Amino acid sequence: MTTAAYSPEQVLALPAMPSVKDAFAAMNIGPTNGYALIREGHFPIEVIPFGRAYRVRRADLVEFLGLTETAAAEVQSAAASENDSAPGVQPEAPSEQSAPTSAS
């Protein structure tokens, strides 16, 4: 079973205490390697056991990944602007091209 890596928006939308499986997806590592790192005590952020489940702090995950709320806002803004057309440009309007000039 492969897990798709999370985008920055998905990481920032996680609950305050996501599962380690969410952390694995955010870090783009598989569960086998992730659980091995936890067992060996080498997982890069603190893992909190809740009975048989393991959780991490979203704040720790966000910090480890180098994401910030400001960066997320910029990513969302950039994604929104990709969907909008440039100001003053009509999507179906023909573009202007300059006529070739001769060098003679």
Side-chain angles (χ1 to χ4, degrees):
M1 176 178 140
T2 41
T3 315
Y6 285 0
S7 69
E9 294 89 4
Q10 290 172 311
V11 173
L12 292 167
L14 289 172
M17 297 289 289
S19 70
V20 291
K21 289 181 182 181
D22 286 328
F24 301 158
M27 297 169 148
N28 199 20
I29 62 174
T32 303
N33 289 333
Y35 284 115
L37 289 169
I38 291 170
R39 273 192 310 276
E40 296 166 3
H42 296 297
F43 199 70
I45 58 177
E46 183 181 4
V47 176
I48 302 155
F50 282 106
R52 293 177 49 179
Y54 293 102
R55 302 281 180 174
V56 296
R57 290 182 189 89
R58 182 180 53 129
D60 294 344
L61 182 60
V62 167
E63 181 180 341
F64 174 78
L65 294 173
L67 300 174
T68 63
E69 301 294 331
T70 305
E74 291 172 3
V75 168
Q76 288 174 342
S77 174
S81 67
E82 287 176 3
N83 295 332
D84 296 339
S85 61
V89 176
Q90 297 175 1
E92 297 176 13
S95 61
E96 293 182 28
Q97 296 180 359
S98 60
T101 58
S102 62
S104 50

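Remember, it's a predicted structure, so these values are computed and weren't measured experimentally. The basis for the numbers below is simple: all heavy atoms, side chains too, and nothing from hydrogens, waters or symmetry mates.
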Which heavy-atom pair separates V56 from S19 by the least distance, and what is that distance?
-> CG2-O, 4.4 Å

Measure from the side-chain N and O atoms of R58 to the backbone N and O of L12, and report whether any donor-acceptor pair falls under 3.5 Å.
-> yes

Between CD1 of I29 and CG of L37, what distance do you get to the nearest 0.5 Å?
-> 5.5 Å

Considering residues at least two apart in sequence or located in another chain, which fulfil the side chain to side chain contact (heavy atoms under 4.5 Å, CB included) criterion with Q10?
-> Y6, S7

Quick one: CD on E46 to CG on D60, what's the gap to the nearest 0.5 Å?
-> 6.5 Å

Can you name the residues that form a side-chain hydrogen bond (donor to acceptor under 3.5 Å, both in side chains) with E40, not counting sequence neighbours?
-> none

About how many Å separate CG of L61 and CZ of R55, when rounded to the nearest 0.5 Å?
-> 13.0 Å

Residue pairs passing the ring pair (Phe, Tyr, Trp, His ring centres under 6.0 Å) test with at least one member in residues 36-64, sequence neighbours excluded, are F24-F43

The reported gap from CG in N33 to CG in N28 (rounded to nearest 0.5 angstrom) is 11.0 Å

